[in-house]
Amino acid sequence: MEEKIITEEVENTSGGLNFVEQEIKKDLEEGKNGGRLNTRFPPEPNGYLHIGHAKAIIMDFGSAEKFGGTCNLRFDDTNPQKEDTEYVESIMRDIKWLGYDWEDRLYYASDYFPKLYDFAIRLIKEGKAYVDEQTSEQIAQQKGTPTEPGTNSPYRDRPIEENLDLFQRMNNGEFDEGSMVLRAKIDMANSNMHFRDPIIYRIIKTPHWRTGDKWKVYPMYDFAHGQSDFFEGVTHSICTLEFVPHRPLYEYFVKELADESYCPRQIEFNRLNLTYTVMSKRKLLQLVKEGLVKGWDDPRMPTLCGLRRRGYTPSAIKDFVDRIGYTKYEALNHIELLEHSVREDLNKTATRVSAVVNPVKLVITNYPEGKTEMMEMENNPENPSEGKHEMPFSRELWIEKDDFMENPPKKFFRLSPDKEVRLKGAYIIKCTGFKKNDSGEIEEIYAEYDPETRSGMPGSDRKVKGTLHWVSVPTAVDVEVRDYDRLFSVENPSAEEGDFRDLLNHDSLIVRKGVKLEPWAAENAKPGDHFQFTRLGYYTVDPDSTPELLVFNKTIGLKDTWAKEMKKL
Ligand code: ATP
Ligand code: MG
């Protein structure tokens with residue numbers, strides 16, 4: 001298992017540029033590639049994008065933006081067995097959501113199948129590739145180890161004519177999948193394992209969603225990626241660290257095509273890994289297919305559509321990526337830091353409203369029956385230009401159950417018998433009693449209000465220690481709230497032995513019905529809107545909402561656990 005370190009926030013060195021951008025800047029200053037910058041984001045359409053991809057997208061599109069270059073979107077659709085248009089569409093939607101645009105630079109690796117095929121033919125004719133009829137097990141056995149050289153295939157020196165004939169017949173569909181491959185003839189003793197006659201083409205008979213059954217041979221990643229970069233005019237091919245050992249092969253193939261005036265270059269940075277999360281597309285697919293989550297956009301998923309549904313914003317994701325930075329070392333990043341970025345962003349934008357998630361009734365016994373006063377509530381104290389809205393106050397109110405205690409400990413500043421609190425934006429009240437039901441639970445709480453203490457009125461500035469949020473009973477709207485916890489119960493699920501599905505947190509979703517929401521919020525809420533429920537956290541309207549029932553996802557609580565984590569480190 002590879003060693004993982006937990007990183008904190010990374011300082012940008014050199015003029016606010018990360019190390020990749022510094023390399024780009026140098027290349028541009030040296031006039032490489034005619035002073036051109038062209039990056040690309042190359043997703044394989046075999047799953048939905050996750051927050052790790054966002055880190056790559058921000059690098060690819062962001063660096064192009066920074067230096068006045070361009071960024072292509074290129075689908076790496078070289079394996080028809082796993083790919084689908086559903087994924088293509090979701091990927092485009094998510095990139096746009098992050099705020100990036102490939103304009104007219106949308107490409108597919110499958111566009112280059114004819115050129116790649118011709119290139120393979122050329123290598124065969126030059127004696128640089130051969131058809132191997134061994135099984136994949138035999139080929140693997142001959143690979144050797146990093147310290148021991150491999151063994152040559154018995155087919156390595158077959159005549160060029162025979163190779164040409166077989167490769168063409170492979171593509172005509174004359175042979176079964178797995179019966180033959182085309183390998184580059186490089187060096188079975190090379191210290192870089194990727195140079196030990198890598199497989200460059202394999203037979204796949206599944207039709208391709210773009211090219212149908214035109215092709216029966218498909219290029220491997222290492223044979224497709226660099227060449228596609230070259231065909232497209234990409235100058236900087238930025239990817240993650242696991243491709244470091246592939247770089248010499250990237251350069252080997254590209255050199256066969258490039259000249260002095262233009263040659264693409266690969267640069268690698270560290271992947272984003274998050275605590276309590278898995279980032280492998282294969283595992284995420286498994287969670288979806290086996291119904292362990294409610295789909296790719298389940299708000300517990302690290303997918304971009306899941307995060308969006310949860311209420312995370314593009315600016316929060318960008319802020320987080322900026323804080324973790326780009327380095328050359330593998331890292332495991334704290335999910336609390338991402339949450340910190342989300343909280344900071346929503347604090348600036350989310351409308352403050354009142355909701356009671358765990359309601360108990362409070363009766364103001366000296367307040368006239370049938371009377372309603374409209375209280376003014378600030379929409380966002382962080383941004384007074386957002387204005388105010390009105391919230392009705394009446395004799396019967398909902399408050400949170402845990403804001404009342406019959407026998408409170410010393411430092412309990414909320415409501416208890418004979419104690420005073422302020423009802424936010426309204427009056428100071430004093431608890432005068434309560435009623436229990438037959439099973440001993442508090443059913444109703446009684447209080448008297450002090451009419452001289454209405455918020456904002458002259459002489460209302462008497463101070464009490466606690467302030468409670470509340471919602472007026474007659475006008476409260478019942479809504480559903482979905483509370484989320486970590487999807488996995490361990491910090492680094494990928495580092496654990498055994499089945500990752502056994503590590504799922506079974507209490508990661510709690511559905512609360514009958515949450516009381518103030519009417520102004522209920523009238524105005526549309527899917528995707530962000531709110532702060534006073535004293536509780538940030539909540540985002542879910543697309544499952546109907547005209548009859550609003551559904552909210554709890555995006556994140558108010559308490560910043562990142563600050564606490566940082567103290568521990
Ligand atoms: P796989 O290759 O297993 O299907 P992948 O996550 O690498 O999965 P790609 O579609 O190949 O998926 O990824 C597209 C780009 O996103 C690549 O350049 C890859 O390096 C980058 N990327 C993928 N995962 C992360 C991550 N966790 N952090 C940063 N970049 C990532
Ligand atoms: Mg990949």
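Counting starts at 1 for both ligands and their atoms, in listed order.
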### Task
Below 4.0 angstrom from a heavy atom of Pro42, which ligand 1 atoms are there? Numbered from 1 as shown, please.
14 (C), 18 (O)

### Query
Any donor and acceptor pair, going by atom type alone, linking the side chain of Asn38 with main-chain N or O of Thr70 inside 3.5 Å?
yes

### Query
Does Arg271, backbone or side chain, put an N or O under 3.5 Å from an N or O of ligand 1?
yes

#### Entry: Between Phe19 and Phe269, ring centroids under 6.0 Å
no

### Task
Taking only heavy atoms of Ala56 into account, list the atoms of ligand 1 that are under 4.0 Å away from them.
16 (O), 21 (C), 30 (N)

### Query
Is any N or O atom of His53, backbone or side chain, closer than 3.5 Å to an N or O atom of ligand 1?
yes

### Query
Would a distance-only check, ignoring hydrogens and angles, find a side-chain to backbone donor-acceptor pair under 3.5 Å from Asn163 to Val131?
yes

### Message
Does Tyr250 form a ring-ring contact (aromatic ring centres under 6.0 Å, His included) with His246? I'd like the steps, not just the answer.
### Response
CA-CA 6 Å; Tyr250 178 103; His246 296 251; over 10 Å; no

### Query
Would you say ligand 1 has an N or O under 3.5 Å from any N or O of Cys239?
no

### Query
Numbering the atoms of ligand 1 from 1, which are under 4.0 Å from a heavy atom of Thr240?
19 (C), 20 (O), 29 (C), 30 (N), 31 (C)

### Query
Counting heavy atoms only, which part of Arg282 comes closer than 4.0 Å to ligand 1: side chain, backbone, both or neither?
neither

### Query
Would you call Met59 a ligand 1 contact, heavy-atom distance under 4.0 Å?
no

### Task
State whether the shortest distance between N or O atoms of Lys55 and N or O atoms of ligand 1 falls below 3.5 angstrom.
no

#### Entry: Lys214 charged N/C atom sitting above Phe113 aromatic ring, 6.0 Å / 45°
no

### Query
Looking at Phe67, does the NZ or CZ of Lys25 lie under 6.0 angstrom from its six-membered ring centre and within 45 degrees of the ring axis?
no

### Task
Record the part of Asn46 in heavy-atom contact with ligand 1 below 4.0 Å; permitted values are side chain, backbone, both and neither.
side chain

### Query
Are any of the N/O atoms in Glu44 less than 3.5 Å from those in ligand 1?
yes

### Query
So is Gly52 polar-close to ligand 1, meaning N/O to N/O under 3.5 Å?
yes

#### Entry: Output field: ring centroids Phe223/Tyr201 closer than 6.0 Å
yes

### Message
Here's one to test your reading of the geometry: is the NZ or CZ of Arg40 within 45 degrees of the ring axis of Tyr107 and under 6.0 Å from its centre?
### Response
no

